[in-house]
Peer 1: 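Please see the structure below; I have some questions.
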Amino acid sequence: MTRTAINEDLELADFRALIEQRSGIRFDSSRERFFSTRIRDHIREKGLNSAADLMPVVCSSNVEYEALLARLLTHETSFFRYPSAYEALKKRVLPEIQGRKFWASPRSMRIWSAGCSTGEEPYSIALTIAEAPSFATGWNIEILATDISRQAVARAMRGVFARRSLSNLNPQQVATHFTRVDDQYEVKPAIRNKVSFVVMNLVQSLYMGRMDCIFCMNVLIYFSTERREQLINGFYDSLEPGGYLLL
């Protein structure tokens with residue numbers, strides 16, 4: 001191995017350590033090629049020569065750090081990406097909540113999309129609830145959607161998606177819940193207003209009250225075993241008795 005290659009490996013290791021320290025997110029050896037490629041792309045985009053030149057830029061600005069992190073995190077998703085999860089929500093979770101809380105006053109349901117990316121997951125949750133007759137009236141519905149990426153949350157709040165993101169929806173769902181804007185589709189207010197978006201690092205998350213259900217899909221893969229255990233314990237503490245965690 002050449003001295004240049006050794007220096008580059010050390011510099012990349014410094015970036016991995018910085019990201020894990022600040023966000024808890026760990027890019028291990030299984031993502032080595034992905035990580036190094038994205039770092040090099042970012043260096044070129046910034047007009048810099050090396051990782052050593054990028055490090056002081058990232059360390060001196062939260063905006064620069066978040067821009068790098070956004071490049072490293074995968075935001076490829078779609079509506080109802082994992083159909084079995086929404087089937088479980090529709091056929092098991094919602095009926096149980098409805099039965100358990102029917103006589104409560106007020107009747108309320110809180111669901112957390114932890115690691116919501118660009119919003120397809122929490123909007124899919126809202127669509128599922130909107131199509132459940134038992135929750136049509138008399139319920140206070142709160143869907144909290146959080147993600148560490150400020151850019152992803154900004155896109156989610158816009159609620160505008162390409163047609164490919166809606167590939168798992170049937171034509172009636174698209175017509176009912178979306179407005180076509182040129183070649184894109186905007187979530188209608190009746191669905192969008194059910195979701196509250198917040199920029200949040202799960203490792204440093206605040207207690208937000210009890211949840212009836214938590215979605216944390218394709219998120220734990222970014223954390224070490226120790227961090228995963230911490231997050232699972234935190235989710236457990238946030239769930240109502242009898243609540244559900246979907247992974």
Side-chain angles (χ1 to χ4, degrees), residues 7-28 30-78 81 112-123 143-162 165 181 184 186-187 192-193 195-208 215-224 227-228 230-231 234:
N7 288 341
E8 185 178 76
D9 286 346
L10 292 173
E11 290 162 358
L12 291 176
D14 288 341
F15 276 104
R16 282 193 290 269
L18 173 69
I19 291 167
E20 185 166 8
Q21 179 185 12
R22 292 187 62 171
S23 69
I25 294 172
R26 183 180 187 183
F27 290 93
D28 58 21
S30 68
R31 296 179 177 81
E32 181 68 32
R33 179 176 295 181
F34 168 87
F35 183 81
S36 60
T37 300
R38 293 293 177 94
I39 291 287
R40 293 189 188 101
D41 289 345
H42 202 69
I43 292 168
R44 283 194 293 270
E45 185 179 284
K46 292 293 179 183
L48 302 174
N49 296 317
S50 68
D53 296 332
L54 179 62
M55 181 61 80
V57 175
V58 171
C59 289
S60 65
S61 166
N62 285 335
V63 173
E64 292 290 346
Y65 170 77
E66 289 179 2
L68 174 63
L69 189 61
R71 182 181 289 274
L72 293 169
L73 297 177
T74 301
H75 295 298
E76 183 63 33
T77 184
S78 61
R81 183 180 183 186
W112 180 11
S113 171
C116 68
S117 187
T118 48
E120 287 89 336
E121 179 178 279
Y123 288 132
I143 302 170
L144 174 67
T146 67
D147 199 273
I148 192 173
S149 170
R150 196 173 302 275
Q151 295 179 16
V153 169
R155 286 178 58 190
M157 291 177 69
R158 286 181 60 226
V160 178
F161 300 93
S165 293
V181 182
Q184 296 186 305
E186 182 177 6
V187 181
R192 191 166 64 234
N193 293 342
V195 185
S196 300
F197 290 97
V198 178
V199 177
M200 178 186 292
N201 182 349
L202 287 178
V203 175
Q204 301 169 346
S205 64
L206 302 174
Y207 180 68
M208 298 160 295
F215 278 68
C216 187
M217 314 288 286
N218 249 12
V219 175
L220 296 184
I221 59 172
Y222 288 107
F223 297 98
S224 66
R227 293 283 193 186
R228 291 174 190 175
Q230 293 173 357
L231 290 173

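In what follows, residues are counted from 1 in the order of the sequence shown.
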Peer 1: What pairs with Glu64 under side-chain hydrogen bond (donor to acceptor under 3.5 Å, both in side chains), at least two apart in sequence or on another chain?
Peer 2: Lys46

Peer 1: Charged N to carboxylate O under 4.0 angstrom, Arg192 versus Glu186?
Peer 2: yes

Peer 1: Going through the distances and angles, do Leu68 and Phe15 end up as a side chain to side chain contact (heavy atoms under 4.5 Å, CB included)?
Peer 2: CA-CA 10 Å; Leu68 174 63; Phe15 276 104; 3.9 Å; yes

Peer 1: Check Ile25 against Leu73 and note the closest heavy-atom contact, atom names and distance.
Peer 2: CD1-CD2, 3.8 Å

Peer 1: Please enumerate all residues that pass side-chain hydrogen bond (donor to acceptor under 3.5 Å, both in side chains) together with Ser196, with sequence neighbours excluded.
Peer 2: none

Peer 1: Take Val198 and Met208, measure what side chain to side chain contact (heavy atoms under 4.5 Å, CB included) needs, and give me the verdict at the end.
Peer 2: CA-CA 11 Å; Val198 178; Met208 298 160 295; over 6 Å; no

Peer 1: Search all heavy atoms of Val58 against all heavy atoms of Leu18 and return the closest pair with its distance.
Peer 2: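 Minimum heavy-atom separation between Val58 and Leu18: CG1-CD2, 3.9 Å.
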
Peer 1: Can you tell me how far the CZ atom of Arg155 sits from the CZ atom of Phe161, to the nearest 0.5 Å?
Peer 2: 8.0 Å

Peer 1: What is the distance from atom OG of Ser78 to atom CD of Glu121, rounded to the nearest 0.5 Å?
Peer 2: 11.0 Å

Peer 1: If we only count heavy atoms from C-beta on, is the Ile19 to Leu72 side-chain gap below 4.5 Å?
Peer 2: yes

Peer 1: Out of curiosity, Ile39 CD1 to Met55 CE, how far, rounded to the nearest 0.5 Å?
Peer 2: 8.0 Å

Peer 1: Kindly give the heavy-atom pair with the smallest separation between Phe197 and Ala156, and that separation in Å.
Peer 2: CE2-CB, 3.4 Å

Peer 1: Any heavy-atom pair between the side chains of Glu120 and Arg81 that's under 4.5 Å?
Peer 2: no

Peer 1: Where do Leu202 and Ala114 come nearest, in terms of heavy atoms and distance?
Peer 2: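 Closest heavy-atom pair between Leu202 and Ala114: CD2-CB, 3.9 Å.
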
Peer 1: Once ring pair (Phe, Tyr, Trp, His ring centres under 6.0 Å) is applied, do any residues pair with Phe27, and if so which ones, sequence neighbours excluded?
Peer 2: Phe35

Peer 1: Out of curiosity, Arg227 CZ to Ser23 OG, how far, rounded to the nearest 0.5 Å?
Peer 2: 8.5 Å

Peer 1: Less than 4.5 Å apart, any side-chain heavy atom of Tyr123 and any of Ile143?
Peer 2: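 No, too far: nothing below the 4.5 Å cut-off.
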
Peer 1: Measure across Val203 and Phe223 and return the closest heavy-atom pair with its distance rounded to 0.1 Å.
Peer 2: CG2-CE2, 3.5 Å

Peer 1: Taking only residues two or more places apart in sequence or in another chain, which ones pass ring pair (Phe, Tyr, Trp, His ring centres under 6.0 Å) with Tyr65?
Peer 2: none

Peer 1: Indicate yes or no: does Arg38 engage Asp41 in a salt bridge with an N to O separation below 4.0 Å.
Peer 2: no

Peer 1: Could you work out, with salt bridge (charged side-chain N to carboxylate O under 4.0 Å, His left out) as the rule, every residue matching Arg22, not counting sequence neighbours?
Peer 2: none

Peer 1: Measuring only between side-chain heavy atoms, which start at C-beta, is Cys216 closer than 4.5 Å to Leu231?
Peer 2: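 Answer no - side chains too far apart.
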
Peer 1: Mind checking salt bridge (charged side-chain N to carboxylate O under 4.0 Å, His left out) for Glu66 and listing every partner two or more places apart, or none if nothing turns up?
Peer 2: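 For Glu66, the residues satisfying salt bridge (charged side-chain N to carboxylate O under 4.0 Å, His left out) (neighbours in sequence not counted) are Arg150.
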
Peer 1: Return the minimal non-hydrogen interatomic distance between Val219 and Gly115, and the atom names on each side.
Peer 2: CG2-CA, 4.0 Å

